[in-house]
Asks: 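This is the structure, below, for whatever I ask next.
Residue numbers start from 1 in every chain, and the chains themselves are labelled A, B, ... in the order their sequence lines are given, proteins ahead of strands. A quick note: this is a predicted structure, and the numbers were derived from the prediction, not measured.
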Amino acid sequence: MSNELYIYNSLTREKQLFNPLNPPFVGMYVCGPTVYNEVHLGNLRTFISFDLIYRWLTVLGYKVRYVRNITDVGHLENDADEGEDKISQRARLEQLEPMEIVQKYTNRFHEVLNVFRCIPPSIEPTATGHLIEQIDLIRIILSKGFAYEVNGSVYFDVKKYAEYYNYGVLSGRNIEELLSGTRDLDGQEEKRNPLDFALWKKAGATHIMRWPSPWGEGFPGWHLECSAMSTKYLGTTFDIHGGGMDLKFPHHECEIAQHCAAHENAPVNYWIHGNMLTLNGKKMSKSDGNFVLPFDLTNGTPPLVDKPYSPLSVRFFMLQAHYGSTLDLSMEALSASDKAFRRLQQAIKDVATISPGATASDFDAQEWANNCKSAMNDDFNSPILIAHLFDAVKIVNACKDKKRSLDALQLTILKDNLNLYFYQVLGLDNPESASSQTELLDGVMNLILDLRKAAREQKDWNTSDKIRNTLQSLDIVIKDGKDGSTWQINN
RNA sequence: GGUCCUGUGGCCGAGUGGCUAGGCAGAGGUCUGCAAAACCUUUUACAGCGGUUCGAAUCCGCUCGGGACCUCCA
């Protein structure tokens, strides 16, 4: 078994042994959402992927500082010089103040992530809260000669930068091809070169979100905030930078360029990119309208969603694929995962009730646990981990049926690791989620099951079926087994 | 058009040279007042063609299909 963590680094395009700069500390920056509307399921997938990564690093004993930004500056609809920004546009549509839009969708974002069991980051900085840092960064870049000011806007000089550094290291592009392949977009007259990107944009007369700067009133460029904030909280070089695959170019490439221009070193050792969630074989996308909202799945919103799915089933569905592969959403795939998840969940409950047997069976619990660990250490391979967990499900069920027994040591290893991986690593539930409400329900259900049992012993099928059918209509399913009946809420 | 990724059984999805993941569905069985559930067992695969090799889903080439990025996007 390997005790070492290997990570697929997008920068080098290979799996590499993870060596943090200052162990046991790890710095991880993940690009967060632009809060001008609801996060969709594809956005959520990325945050769940990095939640898994964060959890595993923590389980390995690292002290992770996890920084994830909120983009609350109104960036323009496109790269043109004029135009309305997204947040202002939304504010106009909803008849709210721009900062109300930002607050509203930030709150919604937190709500969604909480429901889908993502652990909050250590620091969640906002772009508007770091204007000073961003302006400072622009100053440095200007002073080193890698940017130029035109009419109250500042642009990054990509061509100049490429004379000293390798523009395109991350995305594997070369600047000549980019130069020859660029399209002429309207409203980019100020740029010396189409590849140049804005560090600071002058605010037009009607632009609402604006801040003073040495170059006049305006707002920062999109790529800038991540550079400024990651440096502020994680240093000029840090361990992990993550985000969706679609941010690789130009966003992350520009981040690297800004950072190298300002600090003369590479900002990040390990770049991790989560792959896209697709719908109908196409990437989910806000702007294309090809998306599903997280709560559409939990509510069972027609016509796309056939029935309500629990957030944990959705999370499990995503974890059954590797974060680096595309995953296609379909109701067939989701309901398959839903069933699988329930089976796993039941085994997690059942393992607590198993008592050790006198004789050990041939199950090598330690080897099994090692396999689980190796799976996660191999670039956070949650699908392999889940396959191992289902091996354990078989063992648990065999023990439950008294067809097999484990000795005390085997059982302890099995139990501890099942709980570790299910709760802490995959984040599939809160172990302490039993509330006074559920205790109350447990008590009531035990009484009802007792009454039904008595009726069945009297062969009073009318009563026993009435209980079963009525509960069924409340989405409580009675399961008659060999050793009595159990119940489960179907949601 | 350029750059890159990908094509696995009915469906989803791992696997990068030999040891045929896993889940769902299907089939058979156990249990059972009936039903459901649960549990056990189990069939089916590597897009096509050619090459390298003792041996290829895995490496190489070509063909065909799907996708991402090149413009805001996780």
Side-chain angles (χ1 to χ4, degrees), chain A residues 13 30-34 36 39-50 71 75-80 83 85-86 168 171-174 176-178 180-183 185 194-195 222 242-251 253 273-278 281-288 291 316-317 320-322 324-344 346 350 371 375 378 381-391 393-394 397-398 400-401 403 456 459-461 464-465 468-469 472 477-483 485-488:
Chain A
R13 294 179 192 82
V30 174
C31 289
T34 303
Y36 72 103
V39 287
H40 60 63
L41 203 66
N43 303 126
L44 179 62
R45 184 189 180 201
T46 297
F47 299 122
I48 288 178
S49 295
F50 286 100
T71 298
H75 294 297
L76 298 181
E77 283 291 312
N78 55 47
D79 213 15
D85 78 64
K86 290 176 185 170
S171 56
R173 282 152 221 255
N174 76 60
E176 283 77 20
E177 279 170 3
L178 285 169
S180 64
T182 46
R183 286 177 265 172
L185 295 172
L195 291 182
W222 174 44
M245 202 74 97
D246 51 353
L247 296 184
K248 209 175 190 179
F249 190 90
H251 183 58
E253 200 68 72
H273 287 97
N275 216 325
M276 298 293 104
L277 180 69
T278 60
K282 294 261 197 304
K283 172 189 167 185
M284 275 203 194
S285 162
K286 286 181 196 173
S287 47
D288 294 351
F291 64 88
F316 182 78
F317 163 72
Q320 270 193 307
H322 188 256
S325 305
T326 55
L327 171 65
D328 193 62
L329 176 73
S330 66
M331 287 311 113
E332 293 75 21
L334 186 57
S335 70
S337 290
D338 182 54
K339 285 200 172 180
F341 173 64
R342 285 163 191 274
R343 195 153 85 89
L344 177 60
Q346 189 59 48
D350 289 341
N371 288 340
D378 184 12
N381 200 324
S382 54
I384 296 286
L385 169 64
I386 288 170
H388 292 316
L389 295 186
F390 275 101
D391 291 339
V393 169
K394 280 202 168 68
N397 288 332
K400 210 177 97 187
D401 293 347
K403 286 175 182 159
R456 294 180 76 205
K459 298 199 189 297
D460 178 2
W461 310 129
S464 74
D465 287 355
R468 185 172 70 195
N469 294 338
Q472 177 109 49
V477 181
I478 299 287
K479 301 172 181 179
D480 294 330
K482 216 176 196 172
D483 308 317
S485 305
T486 57
W487 62 279
Q488 183 181 314

Asks: Counting only side-chain nitrogens and oxygens, does A:Lys394 get under 4.0 Å of the OP1 or OP2 atom of B:G23?
Replies: yes
Asks: How would you label the contact of A:Gly42 with the nucleic acid (heavy atoms, under 4.0 Å): base, sugar-phosphate, or nothing?
Replies: base
Asks: Given atom CD of A:Glu332 and atom C1' of B:G9, what is their separation to the nearest angstrom?
Replies: 17 Å
Asks: Using a heavy-atom cut-off of under 4.0 Å over every strand shown, decide if A:Arg343 touches base, sugar-phosphate, or nothing.
Replies: sugar-phosphate
Asks: Ignoring hydrogens and geometry beyond distance, is the side chain of A:Asp480 in donor-acceptor contact with the base of B:A36 at under 3.5 Å?
Replies: no
Asks: Looking for any heavy atom pair under 4.0 Å, which part of the strands does A:His40 touch: base, sugar-phosphate only, or nothing?
Replies: base
Asks: Please step through side-chain contact (heavy atoms from CB on, under 4.5 Å) for the pair A:Leu344 and A:Leu389, ending with a clear verdict.
Replies: CA-CA 8 Å; A:Leu344 177 60; A:Leu389 295 186; 4.1 Å; yes
Asks: If the P atom of B:C19 is compared with that of B:A57, how far apart are they to the nearest Å?
Replies: 9 Å
Asks: Please pick, from B:C24, B:C12, B:C70, the nucleotide with the shortest atom-to-atom distance to any side-chain atom of A:Leu178.
Replies: B:C70
Asks: Which residues pass the salt bridge (charged side-chain N to carboxylate O under 4.0 Å, His left out) test with A:Asp480, not counting sequence neighbours?
Replies: A:Arg452, A:Arg456
Asks: Starting at CG of A:Asp350 and ending at P of B:A37, how long is that distance when rounded to a whole Å?
Replies: 17 Å
Asks: Taking only residues two or more places apart in sequence or in another chain, which ones pass ring pair (Phe, Tyr, Trp, His ring centres under 6.0 Å) with A:His40?
Replies: A:Phe291
Asks: Is A:Ser325 side chain donor-acceptor paired with the B:G13 base, going by distance under 3.5 Å alone?
Replies: no
Asks: A:Ala387 has a side chain; which of B:A74, B:C24, B:G22 sits nearest to it?
Replies: B:G22
Asks: Test A:Lys283 against every option in A:Asp288, A:Asp328, A:Asp246 by the salt bridge (charged side-chain N to carboxylate O under 4.0 Å, His left out) rule and name the one that passes.
Replies: A:Asp246
Asks: Figure out the CE/P separation between A:Met245 and B:C70, and round it to whole Å.
Replies: 13 Å
Asks: Rounding to an integer number of angstrom, what distance separates B:A45 and B:C40 when you compare their C1' atoms?
Replies: 25 Å
Asks: What is the ring orientation for A:Phe316 with A:Phe341, classed by angle as parallel under 30°, tilted 30 to 60°, or perpendicular over 60°?
Replies: tilted
Asks: Sticking with atom P, work out how far B:C5 lies from B:A21, rounded to a whole angstrom.
Replies: 27 Å
Asks: Check whether the side chain of A:Arg468 and the base of B:A36 form a donor-acceptor pair under 3.5 Å.
Replies: no
Asks: Does the distance from a Lys or Arg side-chain N to an Asp or Glu carboxylate O, for A:Arg468 and A:Asp465, drop under 4.0 Å?
Replies: yes
Asks: Counting side-chain heavy atoms from CB outward, which of B:C69, B:G22, B:A74 is closest to A:Lys283?
Replies: B:C69
Asks: According to a strict under-4.0 Å criterion, is A:Lys403 in side-chain N/O contact with OP1 or OP2 of B:C40?
Replies: no
Asks: Separation of A:Ile478 atom CD1 from B:A38 atom P, in whole Å?
Replies: 15 Å
Asks: Taking the C1' atom in each of B:C46 and B:G9, what is the distance between them to the nearest angstrom?
Replies: 9 Å
Asks: For atom P, what is the distance between B:U43 and B:C24, given to the nearest Å?
Replies: 16 Å
Asks: Taking atom C1' in both B:G23 and B:A14, what distance in whole Å separates the two?
Replies: 11 Å
Asks: Provide, to the nearest angstrom, the distance between the NZ atom belonging to A:Lys286 and the C1' atom belonging to B:A74.
Replies: 8 Å
Asks: Between atom CZ in A:Arg342 and atom C1' in B:A25, what is the gap in whole Å?
Replies: 17 Å
Asks: With heavy atoms under 4.0 Å as the rule, sort A:Asn381 into base, sugar-phosphate or nothing.
Replies: sugar-phosphate
Asks: Tell me whether A:Asn381 contacts the main-chain N or O of A:Ile384 through its side chain, where contact means a donor paired with an acceptor under 3.5 Å.
Replies: yes
Asks: Counting any heavy atom closer than 4.0 Å, what does A:Arg45 reach on the DNA or RNA strands: base, sugar-phosphate only, or nothing?
Replies: nothing
Asks: The side chain of A:Asn397 is closest to which nucleotide in this list: B:C69, B:C40, B:G13?
Replies: B:C40
Asks: For A:Phe390 and B:G23, do the ring centres fall under 5.5 Å apart while the planes stay under 30° apart?
Replies: no
Asks: Reading RNA chain B from 5' onward, which residue's closest nucleotide shows up sooner: A:Lys400 or A:Phe47?
Replies: A:Lys400
Asks: Just by distance, do the side chain of A:Thr278 and the backbone of A:Leu327 share a donor-acceptor pair under 3.5 Å?
Replies: yes
Asks: What pair of heavy atoms forms the shortest contact from A:Gly243 to A:Phe50, and how long is it?
Replies: N-CZ, 3.3 Å
Asks: Considering only atom P, compute the distance from B:G28 to B:G22 and round it to an integer number of Å.
Replies: 22 Å
Asks: Could you tell me whether A:Gly32 contacts a base, only the sugar-phosphate backbone, or nothing, with contacts defined as non-hydrogen atoms closer than 4.0 Å?
Replies: sugar-phosphate
Asks: What is the distance, rounded to the nearest whole Å, between atom CG of A:Leu247 and atom P of B:C4?
Replies: 21 Å
Asks: Counting runs of three or more consecutive pairs, Watson-Crick or G-U wobble, with each distance below 3.5 Å, where are the stems of RNA chain B?
Replies: B:1-7 with B:64-70, B:10-12 with B:22-24, B:26-30 with B:38-42, B:47-51 with B:59-63
Asks: With heavy atoms under 4.0 Å as the rule, sort A:Leu277 into base, sugar-phosphate or nothing.
Replies: base
Asks: Which is more 5' along RNA chain B, the nucleotide nearest A:Ala398 or the one nearest A:Gly172? Just name the residue.
Replies: A:Gly172
Asks: Think A:Lys282 has a side-chain N or O under 4.0 angstrom from the OP1 or OP2 of B:G67?
Replies: yes
Asks: Without decimals, in angstroms, what is the distance between A:Asp328 CG and B:C12 P?
Replies: 7 Å
